[in-house]
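As structure tokens, the structure follows; a few thoughts come after it.
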Amino acid sequence: MLNDILGYATLPYFLEGILVALRIAGATLVLSLLLGLALALAHNGKIRFLRWLVGGYLWVIRGTPVLLQLIFWYNALPAIGLRLGGELTAIWSLTIAFAAFVCELSRGGLMAVKQGQLDAGAALGMSPATVFRLVRGPQALRVVLPGLCTLATYLVKETSLASVIAVDELTLRAQQEVSRTFQFVAVFGGAAAIYIVVNTVIAFVQRALEKKLDYTRRKPPRDLPSAPGDQPPAAEAKRLLDEVVLSEAPPGRPHVVSARGVVKQFGDHVVLNGVDLNVRHGEVVCVIGPSGSGKTTLLRCLNNLEPVTSGVIEVNGVELGTRTDRSGARTVITSERRRVRDRARARVGMVFQQFNLFENLTVGKNLAAAPIRTQKRDPEEVRRVAGRLLSAVGLAGYGNAYPHQLSGGQQQRVAICRALAAQPSVLLFDEPTSALDPEKVGEVLQIMQELGELGMTMIVSTHEMSFARRCATRVVFMDGGNIVESGTPQQILENPREPRTRQFLRTVLGDGVLAVASVPAEGDEK
Ligand SMILES: Nc1ncnc2c1ncn2[C@@H]1O[C@H](COP(=O)(O)OP(=O)(O)OP(=O)(O)O)[C@@H](O)[C@H]1O
């Protein structure tokens, strides 16, 4: 019996049948991948009509058997004048059926990419298409690959359905052979063996692809320093950083950042309540305040990651998120292309609390992505600057490492280098040390201090009062979406005017720290 099965499994007539099946499966896979991805993008997109259309398509396709769809198209296509023949009809029908699965898989993959990855790309001035090509697509592919390969094996088997419309593939040939010889165990056994071999090959390909695409499984580069490198002395670090810090104020522009009457609402919740903030070139502004006071939201508005509800923000002479015409009338910019262009022109660098390094790219590529892809700078020059920056933060030799191979402190140092490599006009830091172990906090603050001393314009949302005291040129206290008061670190941290500021500082610093603690000001709360 085994010999009979083997005989049928190697029968040229059957092998030709599996070739037909593979032709249908291959063409269907490619076409359904393209169609499914387009459907997923439309389903996740902003055009409501397209979302409904795709939703309706998924509803019908998922709700009906593939066999019924195949027979329907076999009859419907000639009725509308399309005589495609059995094989092409099978490809058409299976593509429409399987694109629905690919669409849902792709949507899952796209949604699995963390928002922070997309924010980091946008903050670097990248267009959504560039972020998709470099970051979102590869990361989503890693997630959907096992599902796609399962779909491919399923597809090879489902080609057998085409036998009902007389496509001469393996299952039809096996049926014909059984009706001739009545040896159904040997014939169907032989056909099954062929399907199993093909799907085993697909499983091997899947494993190889998973290994290649799964950046989290990559081994650290051989030349990675075995012990974490020390940061160079401040003078040396500053010499290396000097090249990327804009030391001269741009002529005729008093403020690098100017926010006027900024209101931000999420639904009915007013998070920023008419914030005014002007920052001159070379200033280091530390924004402090209780949790929920709107610090992060302010930084995200300054970078146009969040559109403002009203008010105006200008960075580096570029109005972000709105357009004011000659009569002074202001309109919100809805065009994504325009928002991306403005963000790239304003060159706002951003360092996030959770680092948000591109997980699928090496350290070197993280630094080079925006300067090369978006700013179109010379790749050689970008690589040289990237090397200098990594040396300045004690990470020379880490260019080929992946973010997950670094400690939190190292990742945050790379994130600062990435923002600097794009030559920002201002650097925003959103609680850059909050996610770090206490002993790693110092290494990040040291770099920030060096940048401040070099004249980098920075706005830092922070709970590190000692850093604010030491490095800030101005401290801004926020509460309830308002700037309550601002002044020099001494004024705000040692002698605040406002009762709410005193109350906050007493909570975070303790009672004895405020010079004024024993001298209640007029209106101070008991
Ligand atoms: N996308 C959003 N949708 C709805 N509400 C939001 C959104 N982002 C922020 N908020 C709300 O805005 C308020 C201010 O949040 P924000 O993160 O700016 O505060 P924060 O001062 O940075 O706080 P923390 O110091 O804890 O980070 C909070 O009440 C928060 O719930």
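One-based numbering, in listed order, for ligands and for the atoms of each. Predicted model, so just to flag it, every value in this text is computed and none were measured.
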N or O pair under 3.5 Å between Val271 and ligand 1:
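No; the residue has no nitrogen or oxygen that sits under 3.5 Å from a nitrogen or oxygen of the ligand.
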Within the structure, does Lys295 bring an N/O atom to less than 3.5 angstrom of an N/O atom in ligand 1?
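Yes - when backbone and side-chain N and O of Lys295 are compared with those of ligand 1, one distance drops under 3.5 Å.
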Under 4.0 Å from atom 4 (C) of ligand 1, can you find at least one protein heavy atom?
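Yes.
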Checking contacts now, so for atom 20 (P) of ligand 1, which I'm interested in, is there any protein heavy atom under 4.0 Å?
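Yes, there is one.
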Where's the contact between Ser461 and ligand 1, heavy-atom distance under 4.0 Å: side chain, backbone, both or neither?
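Neither; no heavy atom under 4.0 Å.
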Could you identify the single nearest non-hydrogen protein atom to [atom] and state the distance to 0.1 Å?
| atom | value |
| --- | --- |
| atom 15 (O) of ligand 1 | Thr297 OG1, 3.8 Å |
| atom 24 (P) of ligand 1 | Glu431 OE2, 3.6 Å |
| atom 17 (O) of ligand 1 | Thr296 CB, 3.5 Å |
| atom 1 (N) of ligand 1 | Phe266 CE2, 3.4 Å |
| atom 23 (O) of ligand 1 | Gly292 N, 2.9 Å |

Indicate the atoms forming the closest heavy-atom contact of Ala122 with Val131, along with that distance.
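So the minimum-distance heavy-atom pair works out to N-CG2, 4.4 Å.
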Between [X] and [Y], a side-chain donor and acceptor under 3.5 Å:
| X | Y | value |
| --- | --- | --- |
| Glu498 | Thr501 | no |
| Glu319 | Thr324 | yes |
| Thr362 | Asn400 | no |

Out of Gln265, Met478, His463, His269, who is nearest to atom 29 (O) of ligand 1 when you count heavy atoms only?
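Checking each option, the heavy atom nearest atom 29 (O) of ligand 1 is found in His269.
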Between Gly267, Gly289, Gly480, Ser291, flag the one that comes closest to atom 26 (O) of ligand 1 by a heavy atom.
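The option holding the nearest heavy atom is Ser291.
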In this structure, are over 12 heavy atoms from other groups packed under 6.0 Å from Arg377 atom CZ?
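More than 12 within 6.0 Å, yes.
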Looking at Arg260, I'd like to know if its CZ atom is crowded, meaning that more than 12 non-hydrogen atoms belonging to other residues, nucleotides or ligands lie closer than 6.0 Å.
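More than 12 heavy atoms, drawn from other residues, nucleotides or ligands, come within 6.0 Å of this atom.
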Taking the six-membered ring for Trp, are Tyr402 and Tyr215 parallel (under 30°), tilted (30 to 60°) or perpendicular (over 60°)?
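Rings of Tyr402 and Tyr215: parallel, under 30°.
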Can Arg300 be said to sit on top of Phe352's aromatic six-ring, NZ or CZ under 6.0 Å from centre and within 45° of the ring axis?
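No, Arg300 does not sit over the ring of Phe352.
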Gly294 neighbourhood, listing ligand 1 atoms whose heavy-atom distance to it stays under 4.0 Å
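Once the distances to Gly294 are compared, the set is 14 (C), 18 (O), 19 (O), 20 (P), 21 (O).
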Got a second to check how far Ser461's OG is from Leu299's CG, nearest 0.5 Å?
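One gets 5.5 Å once the value is rounded to the nearest 0.5 Å.
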